[in-house]
K.L.:
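Before anything else, here's the structure in question.
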Amino acid sequence: MSEDEEAIARAELAMHLRRQNVASRATLAALEGVPRSLFLGARHKRLAYQDRAAPIDCGQTISQPTIVAMMTDALELRPDMTVLEIGTGSGYQAAILARIAAHVFTVERYHMLSELAAERLRVLRIDNVSFKVGDGHDGWDEHAPFDRIIMTAAAVAVPEALVSQLAPGGILVAPIGDQGHTQELLKCRLTADGLEGERIADVRFVPLVPGVAGVL
Ligand code: SAH
């Protein structure tokens, strides 16, 4: 793809997302500010500005732009907030969160994905993201509580540790449901009575897998 073709594809995706009406202008502006092609390998760059998920290394996927917009918007982010992301993957969602929030803490079970994502964000001069290789089921205790938590891998239930690391009144957005099936994308708020959730969409995410990956 030439530079001109890429610029047109990017603008077309931006217009498509605006027409979808799933996110505010501020959220869409954050998406438009991050070049998705940087987050895909050479073989998949042509998919960068299509509204679909795409393969990344380690058998994982970068989410569909509409879903990234919807999840980012559901977090109701403000510039002074800290966010915990479970499932760094390519780093694309983290880059978008970092354009809106004060600081993003992101956890990934593959060393390779975490390192590649950190490198991409350095190239983009995004310096308010901290990376950790670990099991997202445990969250990131040292930096808790978080104003917002986003899971980008599906679990059958919200892990207990994440609930305990969410600030009072905080919002957690997560795909919840069985592997291999459609999951429910939930937006939950932590109230005095516990997590209160609403369903915002049907989605299909890769599973949240226990433990740190042994190789890669
Ligand atoms: N947010 C990513 C998409 C991630 S796909 C992006 O914008 O590209 C889901 C990611 O969750 C995968 O990279 C997968 O390796 C990771 N993952 C799965 N189980 C995990 C766990 N227990 N802890 C941390 N990361 C996990």
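Only this structure's heavy atoms are used, side chains among them; waters, hydrogens and symmetry mates stay out. Small disclaimer: the values here were computed from a predicted structure and weren't measured. Every number for a ligand or one of its atoms is a count from 1 in the order of the listing.
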K.L.:
For the side chain of Asp202 and the backbone of Glu184, is there at least one donor-acceptor N/O pair under 3.5 Å apart?
P.N.:
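Side chain of Asp202 to backbone of Glu184: no pair is present.
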K.L.:
Pairs of nitrogen or oxygen atoms closer than 3.5 Å, one from Gly136 and one from ligand 1: do any exist?
P.N.:
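Yes: some nitrogen or oxygen of Gly136 is under 3.5 Å from one in ligand 1.
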K.L.:
Below 4.0 angstrom from a heavy atom of Val206, which ligand 1 atoms are there? Numbered from 1 as shown, please.
P.N.:
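Near Val206, meaning under 4.0 Å from one of its heavy atoms, ligand 1 has 5 (S), 9 (C).
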K.L.:
Indicate whether the side chain of Gln93 and that of Thr72 have a donor and an acceptor atom separated by less than 3.5 Å.
P.N.:
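Yes, Thr72 and Gln93 have a side-chain donor paired with an acceptor closer than 3.5 Å.
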K.L.:
Just to be sure I read this right, does ligand 1 sit under 4.0 Å from the backbone of Glu108, its side chain, both, or neither, counting only heavy atoms?
P.N.:
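For Glu108, backbone and side-chain atoms both sit under 4.0 Å from ligand 1.
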K.L.:
Can you sort out which atoms of ligand 1 are near Leu208, meaning under 4.0 Å from one of its heavy atoms?
P.N.:
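Under 4.0 Å from Leu208, ligand 1 has these atoms: 18 (C), 19 (N), 20 (C), 21 (C), 22 (N).
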K.L.:
Just wondering, do Pro35 and Tyr49 contact through their side chains at under 4.5 Å, heavy atoms?
P.N.:
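SC-SC contact between Tyr49 and Pro35 confirmed.
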K.L.:
Polar-atom distance check: Leu113 versus ligand 1, any N or O pair below 3.5 Å?
P.N.:
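No, Leu113 has no N/O under 3.5 Å of an N/O on ligand 1.
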K.L.:
Check if Gly134 has a non-hydrogen atom at a distance under 4.0 Å from any atom of ligand 1.
P.N.:
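The answer is yes, since Gly134 has a heavy atom less than 4.0 Å from ligand 1.
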K.L.:
Below 4.0 Å, non-hydrogen atoms only: which portion of Pro207 touches ligand 1? Side chain, backbone, both or neither.
P.N.:
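For Pro207, only backbone atoms sit under 4.0 Å from ligand 1.
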K.L.:
Using modelled atom types only, decide if a donor and an acceptor are shared between the side chain of Glu6 and the backbone of Asp4 within a distance under 3.5 Å.
P.N.:
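Not at all, since once roles are kept as given, no pair shorter than 3.5 Å links the two residues.
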K.L.:
Would you mind reporting whether Thr66 and His16 have side-chain heavy atoms less than 4.5 Å apart?
P.N.:
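Yes; the side chains approach each other to less than 4.5 Å.
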K.L.:
Between Lys45 and Leu40, is there a donor-acceptor pair closer than 3.5 Å when you use the side chain of the first and the backbone of the second?
P.N.:
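Answer holds: yes.
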K.L.:
Is it the case that the side chain of Arg204 and the backbone of Gln183 share a donor-acceptor pair, with hydrogens and angles ignored and the cut-off at 3.5 Å?
P.N.:
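Absent.
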K.L.:
For atom 14 (C) of ligand 1, find the nearest protein heavy atom and state the residue, atom name and distance (0.1 Å precision).
P.N.:
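The answer is Gln60 OE1, 3.3 Å.
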K.L.:
For Val107, counting its heavy atoms only, list the atoms of ligand 1 lying under 4.0 Å from any of them.
P.N.:
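Numbered from 1, ligand 1 contributes 24 (C), 25 (N).
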K.L.:
Can you label the angle between the Phe105 ring and the His103 ring as parallel, tilted or perpendicular, going by 30° and 60°?
P.N.:
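Because their plane-to-plane angle lies in the 30° to 60° range, the rings of Phe105 and His103 count as tilted.
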K.L.:
Please state which option from Val133, Val209, Val212 has its nearest heavy atom closest to atom 19 (N) of ligand 1.
P.N.:
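Among Val133, Val209, Val212, the closest heavy atom to atom 19 (N) of ligand 1 belongs to Val209.
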K.L.:
Taking the non-hydrogen atoms of Thr88, is any one of them nearer than 4.0 angstrom to ligand 1?
P.N.:
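Yes, that is the case, since the closest heavy atom of the residue is under 4.0 Å from the ligand.
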K.L.:
So for ligand 1, is Thr61 a polar contact partner (N or O within less than 3.5 Å, distance only)?
P.N.:
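For ligand 1, there is no N or O atom that lies under 3.5 Å from one belonging to Thr61.
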K.L.:
Checking a contact table here: which protein heavy atom is nearest atom 7 (O) of ligand 1, and how many Å away?
P.N.:
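Atom 7 (O) of ligand 1 sits closest to the protein heavy atom Gln93 N, 3.0 Å.
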K.L.:
Does any N or O in the side chain of Thr61 come within less than 3.5 Å of the main-chain N or O of Ser63, such that one atom is a donor and the other an acceptor?
P.N.:
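No.
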K.L.:
Kindly check if the number of other-residue, nucleotide or ligand heavy atoms within 6.0 Å of NE2 (His44) is above 12?
P.N.:
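Yes, the 6.0 Å shell around NE2 holds more than 12 heavy atoms from other groups.
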K.L.:
Starting from atom 25 (N) of ligand 1, find the nearest protein heavy-atom neighbour and note its residue, name and distance.
P.N.:
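Ranking protein heavy atoms by distance from atom 25 (N) of ligand 1, first comes Arg109 N, 3.3 Å.
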K.L.:
Measure the distance from atom 8 (O) of ligand 1 to every protein heavy atom, then report the residue, atom name and distance (to 0.1 Å) of the closest one.
P.N.:
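Sorting protein heavy atoms by distance from atom 8 (O) of ligand 1 puts Ser90 OG, 2.6 Å first.
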K.L.:
N/O to N/O below 3.5 Å, does that happen between Gly87 and ligand 1?
P.N.:
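There is such a contact, yes.
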K.L.:
Go through ligand 1 atom by atom and flag the ones less than 4.0 Å from a non-hydrogen atom of Glu85.
P.N.:
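Those of ligand 1 that fall under 4.0 Å from Glu85 are 1 (N).
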K.L.:
Is a salt bridge present between Glu32 and Arg18, judged by a nitrogen-to-oxygen distance below 4.0 Å?
P.N.:
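Arg18 and Glu32: salt-bridged.
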K.L.:
Check this for me - ligand 1, Tyr110, N or O atoms closer than 3.5 angstrom, yes or no?
P.N.:
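No: no nitrogen or oxygen of Tyr110 is under 3.5 Å from one in ligand 1.
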K.L.:
Are any of the N/O atoms on Thr152, whether in the backbone or the side chain, positioned under 3.5 angstrom from an N/O atom of ligand 1?
P.N.:
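Among all N and O atoms of Thr152, at least one is under 3.5 Å from an N or O of ligand 1.
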K.L.:
Looking at Glu76 and Lys187, does any basic side-chain N land under 4.0 Å from a carboxylate oxygen?
P.N.:
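Looking at Glu76 and Lys187, the cut-off is met.
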